[in-house]
A.B. asks: 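Pasting a structure here, questions to come.
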Amino acid sequence: MDLGLSEEQAMLKELARDFLQKECPKRLVRQLDESDEGYSSELWHKMAELGWMGLVFPEKYGGSERNFLDLTILLEEMGYNIVPGPFFSAVVLGGLTILTAGSEEQKIEFLPKIASGEMILSLALTEPTASYDAASVKTKAIARNGEYVIKGTKLFVLNANVADYILCVARTKETKNPEDGITIFLVDAKSPGVKCTLLKTLARDKQCEVVFDNVTVSEKSIVGERDKGWPIVKDVLQKATVAKCAEMVGGAQAALDMAVNYAKERVQFGRPIGSFQAIQHYCANMATDVSGSRFITYKAAWKVSEGLPLALDIAIAKAWTSEAYGRVTLSAHQIFGAIGFTMDHDIHLYYRQAKAAEIIFGDADFQRAIIARELGL
Amino acid sequence: MDLGLSEEQAMLKELARDFLQKECPKRLVRQLDESDEGYSSELWHKMAELGWMGLVFPEKYGGSERNFLDLTILLEEMGYNIVPGPFFSAVVLGGLTILTAGSEEQKIEFLPKIASGEMILSLALTEPTASYDAASVKTKAIARNGEYVIKGTKLFVLNANVADYILCVARTKETKNPEDGITIFLVDAKSPGVKCTLLKTLARDKQCEVVFDNVTVSEKSIVGERDKGWPIVKDVLQKATVAKCAEMVGGAQAALDMAVNYAKERVQFGRPIGSFQAIQHYCANMATDVSGSRFITYKAAWKVSEGLPLALDIAIAKAWTSEAYGRVTLSAHQIFGAIGFTMDHDIHLYYRQAKAAEIIFGDADFQRAIIARELGL
Amino acid sequence: MDFKFTEDEEVFRREVRQWLEQEIPQRWIELAPGIWEETEESWALAREFQRKLSQKGWLAPSYPKEYGGLELSHMKRLILAEELAYSRAPLSIEVEVTVNWVAPSIMLFGTEKQKKDYVSSIAKGDIIFCLGYSEPNAGSDLASLQTRAVEVGDEYVINGQKTWCSYGHLADYCWLAARTDPDASKHEGISIFIVDMKTPGITIRPLINILDRHSFNEVFFDDVHIPKENLVGQKNKGWYQLMIALDFERSSIGYAAANQRIIEELIKYAKETTRNGEPLANDPLIRNELAQLAVENEVARMMAYRIAWMFSKGLHPSYESSMSMVFISEVMRHTANAGVRILGHYGELDRDSKWAVMNARIMRMCLSSLSIGVGGGSNEIQRNIIAMRGLGLPRK
Amino acid sequence: MDFKFTEDEEVFRREVRQWLEQEIPQRWIELAPGIWEETEESWALAREFQRKLSQKGWLAPSYPKEYGGLELSHMKRLILAEELAYSRAPLSIEVEVTVNWVAPSIMLFGTEKQKKDYVSSIAKGDIIFCLGYSEPNAGSDLASLQTRAVEVGDEYVINGQKTWCSYGHLADYCWLAARTDPDASKHEGISIFIVDMKTPGITIRPLINILDRHSFNEVFFDDVHIPKENLVGQKNKGWYQLMIALDFERSSIGYAAANQRIIEELIKYAKETTRNGEPLANDPLIRNELAQLAVENEVARMMAYRIAWMFSKGLHPSYESSMSMVFISEVMRHTANAGVRILGHYGELDRDSKWAVMNARIMRMCLSSLSIGVGGGSNEIQRNIIAMRGLGLPRK
C-alpha cells in the first residue's frame with residue numbers, strides 16, 4: 001500500500017499547478033465563465049502541447065500512455081484552479097469512450113485530434129428527465145437505408161456549443177429491458193438538424209440543450225455495437241464520476257487554502273480571525289473533509305487504473321466528496337463573510353462548482369442507492 | 001396570540017418544579033430506575049394529593065378540570081426532573097383514553113381511582129413489529145358466550161408490571177382495512193393468563209412484554225365501541241405524542257441548564273470552559289433547540305386543548321423535538337466530558353430519556369412521513 | 001397561552017392579502033427579484049409600491065399618528081410583515097432599514113427638528129436611507145471604524161471609507177457612524193450623522209454581488225461637509241445608540257414567510273413533476289426532505305412570532321432575536337440546498353434559461369442565502385451573543 | 001499510489017484471521033463485552049488471550065527482537081490491528097496503552113534496567129499498566145496536574161489524586177505523571193514514574209461508568225514511596241516525553257474495523273427483519289442511512305490507513321491522527337444513533353432482555369460511543385490541534 005504520489009505524479013501535479021497559476025489566472029476564469037464559448041483557445045492549445053489531452057491515450061494515438069490515476073491527479077489540479085473549458089467533455093467523456101469502445105478506425109481518426117487539441121467532443125446523454133438511467137434515453141435513432149436518423153432532445157449537455165463531434169446516446173430498439181437497445185453515435189456537430197442552445201447555469205459551465213431534429217448519420221458513426229451501447233455509457237459514467245471527484249478534491253483544497261489564508265490575515269477585534277475557536281474548528285472540519293475526499297477518490301481512481309471492480313468505491317467517492325465539497329465551500333463563505341458575496345471575489349466560483357459537481361452524474365442520494373445495492377441491501 | 005403562561009400555569013409550573021426538586025431528588029430517580037417497580041409509592045401518593053393525576057379530569061370524577069395545555073406544562077416539569085413512574089401510562093395513555101372514549105360507568109369506576117393514585121393503568125398497543133400502525137395489531141379477541149378471549153403478545157408496554165388494569169388493543173374482526181375491527185379492552189392485570197415480563201432498556205423505563213394467553217374478559221370491559229377502537233387509539237396516540245414532547249422539552253431544558261452551569265464553573269487552562277467559543281456555540285445551539293422545541297410543542301398542545309385539527313402540528317412537534325432533545329443531550333455530554341460518562345453523574349439519565357422518547361410513538365422519519373402526507377405529497 | 005390571532009387580526013390579514021393581490025405590479029412578478037437582486041427598474045417599482053403602501057398607512061404602521069403612523073399593534077405588524085414577505089411584495093431591504101432602524105432611532109435620539117424633517121417623510125415612503133456602518137477593517141468588529149467626522153465651525157467634515165453600503169447609489173441619505181473622538185477608547189467617540197447622499201465629496205464605487213447585481217457600494221467620504229445639526233443624539237455616544245437600535249424590532253418573520261412560499265413551491269413542483277412515470281412526490285427521500293423543511297420553517301416561524309409577542313408584552317428581546325436570525329439563516333440555506341437536490345440539473349438553471357423551473361428561484365437562492373448569516377451580525381457573533389447575553393457564559 | 005496489500009500481507013491477514021477464528025474463546029463471545037464493558041471475568045479471559053497472542057509475537061509485533069518483538073512492518077501491524085478489532089478479539093484497552101505507549105516510551109526514555117525489567121514482560125503479556133494522567137482539575141488541561149513527587153533519599157514520595165484511571169484496579173503498574181518542581185511553570189517540572197499498584201499508600205475508589213461497569217478509578221496516593229530508579233527519563237521533562245508519546249502510533253483503525261462489523265450486522269439485520277411483510281432493507285430511508293454509514297466508515301478507514309502509511313514512510317503524523325480520531329468518533333456516534341433508529345424499540349433493549357437483537361450491541365454502543373471524543377483528548381482539543389498544528393492558524 002502506498003498512498004503517496006509517485007515521483008512522476010508529483011511532477012505532473014507540480015507542473016500543472018504552476019502552469020495553471022500562471023496561464024489561467026482567476027481573471028481569465030471569470031472572463032471565460034462570462035463568455036459564450038467558455039474556453040480560451042490559447043490556453044487550450046498550450047494544455048494540448050503539454051500533452052494533457054492525450055495523457056491517457058496510447059502513444060500510437062498521439063498520447064503519452066499515462067494511467068487513469070495520473071489523469072485524476074491532473075484533474076485535481078484543474079479543479080484547484082477551476083479551469084474553464086471542455087477538457088472534461090473532450091478527454092473524459094469523449095476520449096475515454098472512444099478509447100474504450102471505439103473501432104480502430106475511430107481511434108485513429110479521433111484520438112490524435114483530441115490529443116492535439118484540434119477536436120472537441122461532447123457527450124449527449126441526459127434528456128429532460130435529467131437522470132442517468134437507461135430508461136431516460138428516449139431519443140430515437142431509426143435505421144433507414146443503411147443510415148440512421150436521430151430525433152430527440154438532449155439536455156444538460158456539457159460544452160456541446162463548442163464541440164466538433166457529439167457522442168449521442170440514442171435508442172435503436174424498444175425492449176422490456178431499458179438497458180438493451182441503446183446505441184452511441186458520433187455525430188458531427190455541424191450536421192443539418194443539430195441545434196444547440198446554451199443554458200445559463202449556476203456554475204456558468206456551458207451546459208446546452210441539443211436538439212437532434214432528424215439528423216442523419218452513417219452506420220460507421222456507431223461507437224461500439226449497435227443496441228449494446230449502455231454498458232459503454234455505464235463504463236464512461238463511472239470513470240467520469242471519479243474524474244469529477246478528483247476535480248472536486250482540488251476545488252475543495254483550494255477553498256480550504258483560501259479560507260485558511262484569509263483567516264490568518266483578516267484581523268478583527270485586534271486578532272486574526274483564524275485565532276477564534278469557531279473559525280479554527282470550521283477550518284479543522286474543512287481540512288478533514290478535504291483529506292477524506294482525497295483518499296477516497298484516489299482509491300476509486302486507482303481501481304479504475306487497475307481495472308478492478310469499482311461500482312461501490314466510485315459511488316462512495318461521489319457520495320462523500322460531493323457533500324464534502326459543498327460543506328467546505330459553504331464554510332469558506334462563512335469565513336469570508338461579506339467579501340465572499342461579491343462577484344470580484346473568487347470563493348463563489350468554487351461554491352458554484354461544488355453545486356454543479358454535486359448534481360452531475362447523480363447526487364449523493366443517487367450514489368447511496370447504488371451503494372445500498374452493492375452492499376446487498 | 002399569547003405565547004406566555006397564564007398565571008395559573010406559571011403557578012403550576014413553579015409548584016411542580018419546587019415539589020419535584022424536593023421530593024424527587026436524582027438519588028431517588030436513580031434508585032427507582034434500578035428497581036423493578038420503577039416508582040415510589042410515597043411520591044406517587046403525594047403527587048396524587050397535589051391533584052396531578054386528575055389534573056385534566058372533570059371535577060365529578062375527582063379531577064380539577066384543567067386543560068391539556070396545563071397537563072403538558074406539568075409534564076414539562078416532570079421531564080425536567082425525569083420523574084420515574086407510571087404517570088404517563090396511568091394519566092395520559094390510560095386516563096385520557098377512558099375520559100375520551102369510556103362509558104359513563106367506566107369513567108365513574110376508573111377516573112376517580114386514577115385521580116386519587118389508587119389505580120395504575122397501562123396501554124398495551126405495540127406488538128413484535130414494534131410499530132404504531134393498525135396493521136401491526138395481531139392480538140386477537142374472540143367473542144365467546146358474551147365474553148371475549150384475548151390471545152397475543154404485546155411488547156414495549158410501559159409500566160404494565162405495576163398496572164392494575166391494562167388497556168389491551170386487540171383485533172376483533174379481520175377486514176381488508178386494518179383500521180377496522182380493532183377493539184380496546186380494559187383487562188384486570190391479575191386476570192388468569194396475563195403474563196408480564198419486564199424488559200431491560202436503555203432508559204431503564206419499565207417496558208414490558210405482556211402475553212395474553214387466552215385471557216377472558218367481559219363485554220363490559222370494552223372501551224368505546226366494538227371494532228371501532230382504532231380512532232380512539234389514534235386520538236390517544238396523538239395526545240400522548242404531544243405529552244411526550246412536553247417531557248422532552250423539560251428534559252432538554254434541564255440538560256442545557258446543567259451544561260451551562262458546569263461550563264461556568266469548570267476551569268481548564270485558567271478559565272471557565274464556558275468562555276471557550278466552541279463551548280459557547282454548543283450552548284447557543286442547545287438553547288436554540290430548546291426554545292424551538294418548546295414553542296412548537298406548546299402550539300401542538302394548545303391545538304389539543306382547543307380541539308383543533310392537529311395531525312400536522314403534532315408530527316412537526318415530535319419530529320423536531322425528538323431530534324433536538326437528542327442533539328442537546330449529546331452536546332451536553334460533550335461539554336461534561338469524562339465526568340458525564342459515570343453512572344453517578346446525572347446527564348446520562350437525560351441522554352437515555354432522549355433516546356427512548358425519540359423512538360416511542362414513532363421516530364422523526366415516521367413523523368415526517370405523516371407530515372409529507374399532511375402537506376399533500 | 002393562545003396561538004390564534006384574534007378575529008380582528010384575521011380580518012386585518014385578509015384585508016392585507018386582498019390588497020396585495022391587487023397591488024403588486026405584474027412587471028414586478030415578471031422580474032421576480034429575490035433578495036439582493038434589485039435592479040434600477042425594480043427599485044423604481046419598489047419605491048412606487050412603497051408610497052402606495054404608505055397611503056394605506058402600512059409602510060410605517062407602528063409610528064405615532066403625528067408622523068403618519070397607525071400605531072398598529074405588534075401582532076398586526078407581524079401579520080403585515082408576514083403577508084408582505086409571503087406575497088413577495090416589492091420592498092427593498094433598505095425600506096426595512098429606514099423604517100425600522102433609522103426613523104425609530106431619530107424618534108428616540110433625534111432633535112425635534114430632525115423628527116419633523118425625516119420621520120414623516122420616511123413614513124410617506126419619500127426618502128430612503130442607506131447604512132454607513134461597515135468599513136474594510138470594521139466588519140464583525142464594527143467598533144473599530146475609522147471614518148472621521150471633525151467639527152469645523154457650524155459643520156462636521158467627514159473623511160473615510162464605508163463599505164457594504166447597500167443601495168447607497170439609490171438611497172437619499174446615509175445613516176453614518178463616524179469617529180468624533182479618535183483619542184477615546186474604541187467604543188467611545190463614535191457619533192451618528194445624517195448625510196445627504198448628494199453632498200459634494202461623496203464618491204460611490206459599486207460592488208457587484210454574486211447574483212451579478214449592483215446592490216452594495218463602497219462609499220468614499222472626501223472632505224464631506226455636513227451641517228452640525230445632522231448629528232443625531234449625543235456626540236461620542238453613537239456606539240450605544242447603535243447598540244440600542246440593534247435591539248429594535250428586528251423580526252425574522254419576513255424570511256420565514258418568504259421561505260414558506262419557496263417550500264410550498266417545491267412541494268407543488270414535486271407533486272407536478274414526473275420522472276420516468278413516477279411523480280417526484282412519491283420518492284420517500286424527497287418526501288422526507290420536504291417534510292423536514294416544513295418542520296424547520298415552522299420552528300423558525302414560532303421563533304419569529306416569539307419576538308413579536310415579547311414586544312407586545314413590553315418585553316425587549318435581545319438574544320432571542322439572535323436565535324431567530326441564526327436559525328432562519330440555516331433553514332434558508334438548507335431549503336436552497338435541498339431544493340437543488342430535488343430539482344437536480346434543473347436546479348442549476350438561471351432565470352434566463354429556457355428550461356428553468358420555479359423561475360430559477362432555487363438557483364438564485366443558493367447564492368443569495370450565502371449573505372444571510374455572514375457579515376457584521378454573522379452567525380458566529382450571534383451565537384456569542386446567545387451564549388453570553390442569553391446564557392450568561394463568561395467572556396473570559 | 002497503490003491501494004492493495006502485497007501478497008505477503010494478504011497471506012498474513014489470512015493467517016491472522018484463521019488464528020483468531022480458532023482462538024477467541026466461546027465464553028468471550030457470549031459475554032460479548034464492548035468498549036468499557038469489561039468485567040473481572042472478561043478481563044481474565046483477555047489476559048489469557050493476550051499471552052496467547054504474545055506467543056505468536058502478535059501482542060507487540062513491532063518491538064525489536066531482543067524484547068520479544070517481530071519487528072513487523074507498519075502495514076502488517078495495521079492488518080493485525082484491523083483483524084483483531086473486526087474479530088472482537090479479547091483485548092482490553094489497557095493493552096493498547098501498555099504496548100503502544102508505555103513500552104515505547106520506556107524504550108525511548110528509560111534506563112537499560114527499565115527496558116530489561118518491563119519491555120519484555122509487556123511483550124509477553126505479563127504486565128499491564130494503567131495511566132495516571134488526569135486529575136479532577138486537570139482534564140483537557142493536563143499540564144495543570146498537581147500530584148506531587150518529592151525526592152526523599154533514595155525514594156520519591158508521591159501524594160495526590162488521579163482520576164479516570166482505567167482498569168487501575170486490575171493493572172499491575174501505573175504510568176504516573178507527577179509534579180516534581182512545583183515552582184516551575186506549568187509545563188516544566190513534570191516527571192514520569194513507574195509505580196507498582198501494590199505499593200502501600202495507594203487507595204483505589206471505583207468509578208462506575210454509564211454501562212454499569214467498573215472500568216475507571218480514582219486513585220489516591222498517600223505518601224507512596226517508590227524507588228528513585230522508577231523515574232523514567234529526565235526529571236522535570238515529563239511533559240515533553242508525554243507529548244512525544246502522544247504522537248506514537250495511535251491508529252483509529254481498531255475503531256473503524258469494529259464499526260465496520262457493526263454496520264455489517266445492521267445490514268444483515270435489515271435484510272433479515274420483516275416488518276408488516278416488508279423487509280426493512282426495502283425502506284429507502286433505511287437504505288440511504290446504511291449506505292451513508294458505509295461511506296463514512298470507508299472514509300474513516302482510509303484516514304486510519306493514512307496514519308499507518310505515513311509511519312511506513314518514516315513520516316510522523318500529528319494532526320493527521322487528530323483528524324482520524326475526531327472523524328471516527330463521529331462515525332461511531334452516528335452509527336449508534338442510526339442503529340437505534342433502524343432497530344426502533346428493539347434498539348432500546350439491553351443485553352439481558354429476552355427480545356434483544358444484535359446482542360444489544362447498538363444500545364450499548366449508544367452509551368459507549370459517548371466516551372469517544374471526550375475527556376483529555378476531546379474532539380475540541382483535537383480540532384484545535386488540526387487548526388493550529390495542521391493548518392498553521394494562530395493561537396492568538
Side-chain angles (χ1 to χ4, degrees), chain A residues 1-6 9 69 73 256-257 259-260 263-264 271-277 279-289 291-296 298-303 305-306 308 312-313 315-317 319-320 323-324 364-365 367-377, chain D residues 1-6 9 74-75 78 263-264 267-268 270-271 279-284 286-292 294-296 298-303 305-306 308-310 312-313 315 319-320 322-324 326-327 330 379-380 382-388 390-396:
Chain A
M1 175 150 326
D2 184 0
L3 306 188
L5 302 185
S6 69
Q9 288 166 340
L69 201 46
I73 283 159
L256 168 64
D257 290 351
V260 166
K264 286 176 184 171
R271 46 195 274 207
I273 62 169
S275 70
F276 288 100
Q277 202 180 23
I279 304 293
Q280 292 195 343
H281 285 196
Y282 289 165
C283 290
N285 291 340
M286 290 162 76
T288 307
D289 265 338
S291 273
S293 299
R294 176 168 289 122
F295 290 105
I296 212 81
Y298 283 177
K299 187 182 176 196
W302 171 81
K303 285 215 162 181
S305 273
E306 299 287 308
L308 295 168
L312 179 62
D313 287 286
I316 287 178
W320 179 258
E323 296 197 332
D365 282 340
Q367 305 298 336
R368 283 189 287 261
I370 295 173
I371 294 165
R373 222 155 43 229
E374 292 288 321
L375 293 173
L377 279 165
Chain D
M1 218 174 308
D2 186 358
F3 284 79
K4 70 176 175 306
F5 292 96
T6 63
E9 286 162 353
H74 285 275
M75 280 304 150
L78 176 79
I263 294 170
E264 287 172 10
I267 290 171
K268 187 163 174 285
K271 285 162 76 171
L280 284 185
N282 287 2
D283 179 334
I286 289 178
R287 295 173 71 84
N288 193 54
E289 183 78 285
L290 285 170
Q292 179 61 15
V295 169
E296 291 176 13
E298 182 63 14
V299 174
R301 192 148 67 113
M302 292 314 301
M303 286 188 179
Y305 278 18
R306 170 162 70 153
W309 166 71
M310 287 181 77
S312 78
K313 291 280 159 188
L315 302 168
Y319 74 92
E320 292 92 344
S322 297
M323 261 187 198
S324 180
V326 170
F327 194 83
E330 295 197 336
N379 281 352
E380 292 70 42
Q382 305 287 5
R383 288 197 179 91
N384 292 350
I385 291 173
I386 297 168
M388 290 191 277
L391 301 170
L393 287 168
R395 184 171 296 274
K396 285 262 158 181

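Just the heavy atoms: all of them, side chains too, but no hydrogens, waters or symmetry mates, feed the values below. Worth saying up front: this structure is predicted, and the values here are computed from it rather than measured. Numbers restart at 1 for each chain; the letters A, B, ... are given by sequence-line order, proteins then strands.
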A.B. asks: Between D:Q292, D:K268, D:M310, which residue shows the highest count of heavy-atom pairs closer than 4.5 Å to chain A?
C.D. replies: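 Highest number of heavy-atom pairs under 4.5 Å: D:Q292.
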
A.B. asks: Indicate the atoms forming the closest heavy-atom contact of A:P272 with D:K396, along with that distance.
C.D. replies: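 Taking every non-hydrogen atom into account, CD-O, 3.6 Å.
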
A.B. asks: Would you mind telling me which of A:L312, A:N285, A:L5 has the largest number of heavy-atom pairs within less than 4.5 Å of chain D?
C.D. replies: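 It is A:N285.
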
A.B. asks: For the candidates A:I371, A:L377, A:D365, A:I316, which exhibits the highest count of non-hydrogen atom pairs separated by less than 4.5 Å from chain D?
C.D. replies: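 Highest number of pairs under 4.5 Å: A:L377.
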
A.B. asks: Below 4.5 Å, heavy atoms only, C-beta onward: do D:N384 and A:H281 meet side chain to side chain?
C.D. replies: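 Side chain of D:N384 against side chain of A:H281, heavy atoms only: contact under 4.5 Å found.
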
A.B. asks: With only heavy atoms counted, which part of D:M388 is less than 4.5 Å from chain A, the side chain, the backbone, both or neither?
C.D. replies: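 Side chain only.
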
A.B. asks: Parallel, tilted or perpendicular: which one describes the rings of A:W320 and D:F327, with boundaries at 30° and 60°?
C.D. replies: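 The rings of A:W320 and D:F327 stand perpendicular, inter-plane angle above 60°.
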
A.B. asks: Using a 3.5 Å distance criterion without hydrogens, assess whether the side chain of D:K271 forms a donor-acceptor pair with backbone atoms of A:G376.
C.D. replies: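 Here the side-chain-to-backbone pair exists.
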
A.B. asks: Between D:R301, D:R306, D:E289, D:M303, which residue shows the highest count of heavy-atom pairs closer than 4.5 Å to chain A?
C.D. replies: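 Among D:R301, D:R306, D:E289, D:M303, the one with the most close pairs to chain A is D:R306.
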
A.B. asks: For the residue pair A:T288 and D:R383, confirm or rule out a side-chain donor-acceptor distance under 3.5 Å.
C.D. replies: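 No pair is found: no donor N or O on one side chain lies under 3.5 Å from an acceptor on the other.
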
A.B. asks: Can you tell if the side chain of D:M302 reaches within under 4.5 Å of the side chain of A:Y298, non-hydrogen atoms only?
C.D. replies: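 D:M302 does not reach A:Y298 side chain to side chain.
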
A.B. asks: Flag the pair D:M1 / A:S305 as yes when at least one side-chain heavy-atom distance between them is below 4.5 Å, and no otherwise.
C.D. replies: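 Contact flag for D:M1/A:S305 side chains = no.
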
A.B. asks: Taking it one step at a time, do D:L290 and A:R368 satisfy side-chain contact (heavy atoms from CB on, under 4.5 Å)?
C.D. replies: CA-CA 9 Å; D:L290 285 170; A:R368 283 189 287 261; over 6 Å; no

A.B. asks: Under the ring pair (Phe, Tyr, Trp, His ring centres under 6.0 Å) rule, collect the residues that match up with A:F276, sequence neighbours excluded.
C.D. replies: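 By the ring pair (Phe, Tyr, Trp, His ring centres under 6.0 Å) rule, A:F276 matches no residue at all.
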
A.B. asks: Does a salt bridge link D:E298 with A:K299, judged by any charged N lying under 4.0 Å from a carboxylate O?
C.D. replies: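 Salt bridge flag = yes for A:K299 with D:E298.
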
A.B. asks: Apply side chain to side chain contact (heavy atoms under 4.5 Å, CB included) to D:P284 and list each qualifying residue two or more places apart in sequence or on a separate chain.
C.D. replies: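 So D:P284 forms a side chain to side chain contact (heavy atoms under 4.5 Å, CB included) with C:P284.
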
A.B. asks: Looking at D:R395, I'd like to know if its CZ atom is crowded, meaning that more than 12 non-hydrogen atoms belonging to other residues, nucleotides or ligands lie closer than 6.0 Å.
C.D. replies: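 Atom CZ in D:R395 is not packed in, count stays at 12 or less.
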
A.B. asks: Which value, rounded to the nearest 0.5 Å, describes the distance between D:K4 atom NZ and A:D2 atom CG?
C.D. replies: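 If I round to the nearest 0.5 Å, the distance is 10.5 Å.
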
A.B. asks: Just so I know, are the side chains of A:S275 and D:L393 near enough to count as touching, which here means a heavy-atom distance under 4.5 Å?
C.D. replies: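 A:S275 vs D:L393: side chains apart.
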
A.B. asks: Rounded to the nearest 0.5 Å, what's the gap from CG on D:L391 to CG on A:L256? Could you check?
C.D. replies: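 D:L391 atom CG to A:L256 atom CG measures 6.0 Å (nearest 0.5 Å).
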
A.B. asks: With a 3.5 Å distance limit and no angle check, can you tell me whether A:E306 reaches the backbone of D:F3 through a side-chain donor-acceptor pair?
C.D. replies: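 No, A:E306 side chain to D:F3 backbone: no donor-acceptor pair under 3.5 Å.
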
A.B. asks: Over all heavy atoms of both residues, which pair between A:M1 and D:E9 is shortest? Give the atoms and the distance, please.
C.D. replies: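 Closest approach of A:M1 to D:E9: N-OE1, 4.4 Å.
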
A.B. asks: Using a cut-off of under 4.5 Å on heavy-atom pairs, state which of D:D2, D:I386, D:V295 scores highest against chain A.
C.D. replies: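 Looking at each option in turn, the highest pair count goes to D:D2.
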
A.B. asks: Identify the heavy atoms of D:A291 and A:A372 that sit nearest to each other, and give their distance.
C.D. replies: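 Heavy-atom minimum between the residues: CB-N, 4.1 Å.
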
A.B. asks: Quick one: CD on D:E264 to CG on A:L375, what's the gap to the nearest 0.5 Å?
C.D. replies: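 Rounded to the nearest 0.5 Å, the CD-CG separation comes to 9.0 Å.
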
